[in-house]
> 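I am attaching a structure below and will ask some questions about it afterwards.
This chain uses plain numbering: 1 for the first residue, then up along the sequence. Atoms within each ligand, like the ligands themselves, are counted from 1 in listed order.
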Amino acid sequence: MQKSTFSLKKIITIIAGAVASVVFLLPPIIHLLLSLDNADKQLRAELRISTVHLNKFISNNPVTWTSQAIRLQAVLEDIHAPGTSIRILSLSNGRLNEIRQILEPLDFPRLTRQEKLYDYGEVVGEVEITLSLRPLLIPILLTLFLSTIISLIIFFPLRNIPLRALIQATSALLAAKNVAEAASRAKSDFLANMSHEIRTPMNGVMGMIDLALDTEIPPKTKDYLLKAKNSSRILLRVINDILDFSKIEGGKMTLELLEFRLNALLNDSIELFKPDTNNVALIIKAPPDGIGWLIGDPLRLQQVLLNLISNAIKFTKHGEIIIQVVPVELTDDTARLHFSVKDTGLGIPKEKQATLFTSFTQADESITRKFGGSGLGLAICKRLVEMMNGEIWLESEVGQGSTFHFTVTLGRKLKSSDFNNKDKISKTKDIKQLSQLLSGAKVLLAEDNIINQMIAKNILNNVGILVDVAQNGLEAVRMVATGDYDLVLMDIQMPEMDGYSATRAIRSESHGQELPILAMTAHALAEDYDKSLEAGMNGHITKPIDRQQLFDTLIQWIKPR
Ligand code: ADP
């Protein structure tokens, strides 16, 4: 630190010195160079004229040199420019001295040209023309003086800014920048840790509520549990929003490129809301599926849509919510789509509309207290839509309702290539359908937390999956070697051996190379997902366990027996 301050000080001193010298000296130097250039040009012109005149003079007056000298002087005066003199160095007829007397010697010669004189093609003498710089001295000195004055005027007000203070301020700024960068890294680490720490007990709370709801209970208890389940869902949404928002802020949000169908995405989206709509009708108006396969991130597109639909449901007591999609521009390989979600709810006052897409903003705080919400939803939608090369805006009248519009540009294919067509949109299936697909499969659950073991085991047993439990990574490696498993669900943080090392160990054995291994963890950041894949896992399921997501993923990886 000390060393860098010292060298910084030196550098600043040298730069300041160089700047001051340039400011002081540049104007007179430029002036001098321009003057010399001018003088040289003038000299060349004089030389040309004088050579012509002298040639004429010598050839036309071959009789007496005294009168010639007088005439020569007249010629020279004629062509004389200030600061210029002409000297005859030699003449073929030897009368040089006489002519020399006529010409004044110069004290301050600078620029000189020598020329030969020709008389009808023969050399008759040599002439030297000299330019004196004496007349230029006054303007040069004047310029020097003026530029000094101007520099003083410029630097005088700055004399009180000590260089030391400047250096201290610069190092303070550098230190502050380092602190800010460290704080930003600490914020990301804190968020990742908090996310993990909150998700683990949330998995316990949500899972236990689900397990309790699966048992025989009196209606009143069931009602309490359903309310608790709803609250935990809202809490999880807030946690997810905060995590998404910090991912976007940190530039860590990336979009996937997967093939999907628009109508499947729309139907699945409203399916999720059916139990909550009460008196409100959910209507989809979309083009028939002639658009073909779209290429983009269906989960993130669905996230935007779900957020708008859930807001519309939240603020609409009766009437209808229309979800409309209009293709704005279709080419062979791109589709620009216009989505809108129109409700007949409360509406939003004009003055509140402009700020709704900024983070932590809500139109009416009293409404927020009633309905809940973090105020991050629309800010996240805006960023996601922009990442899909689109825009988001709204139209709303208080008492009439609101319409949220957004556009996105997606890739398009008339036929699916099936190359990465793992359909990520959740498919709602009932227990019977799931049992048909998954019953009898053998799954190894590597999980150290007893509550999480109970929850996962119960969910899987419910559809007929047989579950063995490994208490840590080491045990999981041993059990895989002897058991005949269809799939492994692998927690990441475990004693003895963590999930990454256990996966690497399993993959290094011949029997473990084809075995599907899915991370099941409260680590929910994109980089955690990448780490799981790098360790050799096939996928990543986040906690709290979402049954739908779990079963969708299991169906992808478990081959029917
Ligand atoms: P939140 O998570 O709080 O719902 P959003 O960013 O999704 O955050 O929404 C911000 C605010 O915008 C809401 O609190 C509400 O005041 C207003 N708002 C959003 N959608 C609607 C709607 N369809 N009707 C009325 N108000 C809405």
> In chain order, what residues pass the salt bridge (charged side-chain N to carboxylate O under 4.0 Å, His left out) check against R383, with sequence neighbours excluded?
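For R383 the salt bridge (charged side-chain N to carboxylate O under 4.0 Å, His left out) partners, ignoring immediate neighbours, are E249.
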> Please work out whether the ring planes of W393 and H338 are parallel, tilted or perpendicular, with thresholds of 30° and 60°.
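Ring orientation, 0 to 90° scale: tilted.
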> As an exercise, identify every atom of ligand 1 less than 4.0 angstrom from a heavy atom of I348.
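Near I348, the atoms of ligand 1 are 18 (N), 21 (C), 25 (C), 26 (N), 27 (C).
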> Is F404 in contact with ligand 1, taking contact as a heavy-atom separation below 4.0 Å?
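F404: in contact with ligand 1 (<4.0 Å).
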> Test of understanding: given a 4.0 Å heavy-atom threshold, classify the contact between L308 and ligand 1 as side chain, backbone, both, or neither.
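No part of L308 is near ligand 1 at this cut-off.
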> Look only at interatomic distance and state if D241 has a nitrogen or oxygen under 3.5 Å from any nitrogen or oxygen of ligand 1.
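By distance alone, the answer is no.
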> Which part of L378 is near ligand 1, with near meaning a heavy atom under 4.0 Å away: side chain, backbone, both or neither?
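Contact part for L378 vs ligand 1: both backbone and side chain.
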> How does K314 reach ligand 1, if at all, at less than 4.0 Å between non-hydrogen atoms: by side chain, backbone, both, or neither?
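Looking at K314 and ligand 1, just side chain atoms fall under 4.0 Å.
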> Applying a strict 4.0 Å limit to heavy atoms, is G345 in contact with ligand 1?
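It does not, in that no heavy atom of G345 comes within the 4.0 Å cut-off of ligand 1.
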> Any idea which atoms of ligand 1 are less than 4.0 Å away from a heavy-atom of N307?
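So the atoms of ligand 1 that pass are 7 (O).
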> What residues, two or more places apart in sequence or in another chain, satisfy ring-ring contact (aromatic ring centres under 6.0 Å, His included) together with F551?
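Testing F551 for ring-ring contact (aromatic ring centres under 6.0 Å, His included), a comparison that skips the adjacent residues, returns none.
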> Just checking, is any N or O donor in the side chain of D214 or N458 under 3.5 Å from an acceptor N or O on the other one?
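No, no side-chain donor-acceptor pair sits under 3.5 Å.
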> With heavy atoms of L356 as the reference, note each atom of ligand 1 found under 4.0 Å away.
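Ligand 1 atoms under the 4.0 Å threshold to L356: 11 (C), 12 (O).
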> Are any of the side-chain nitrogens in E391 or K382 under 4.0 Å away from the carboxylate oxygens of its partner?
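Salt bridge: no.
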> May I ask you to check whether over 12 heavy atoms, not counting those of E329, lie within 6.0 Å of atom CD?
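No, because the 6.0 Å sphere around CD of E329 holds 12 heavy atoms or fewer from other groups.
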> Where's the contact between D343 and ligand 1, heavy-atom distance under 4.0 Å: side chain, backbone, both or neither?
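Only the side chain of D343 comes within reach of ligand 1.
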> Applying the side chain to side chain donor-acceptor pair (under 3.5 Å) test to E447, which of Q471, Q453, K543 qualifies?
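Per the side chain to side chain donor-acceptor pair (under 3.5 Å) rule, the option paired with E447 is K543, out of Q471, Q453, K543.
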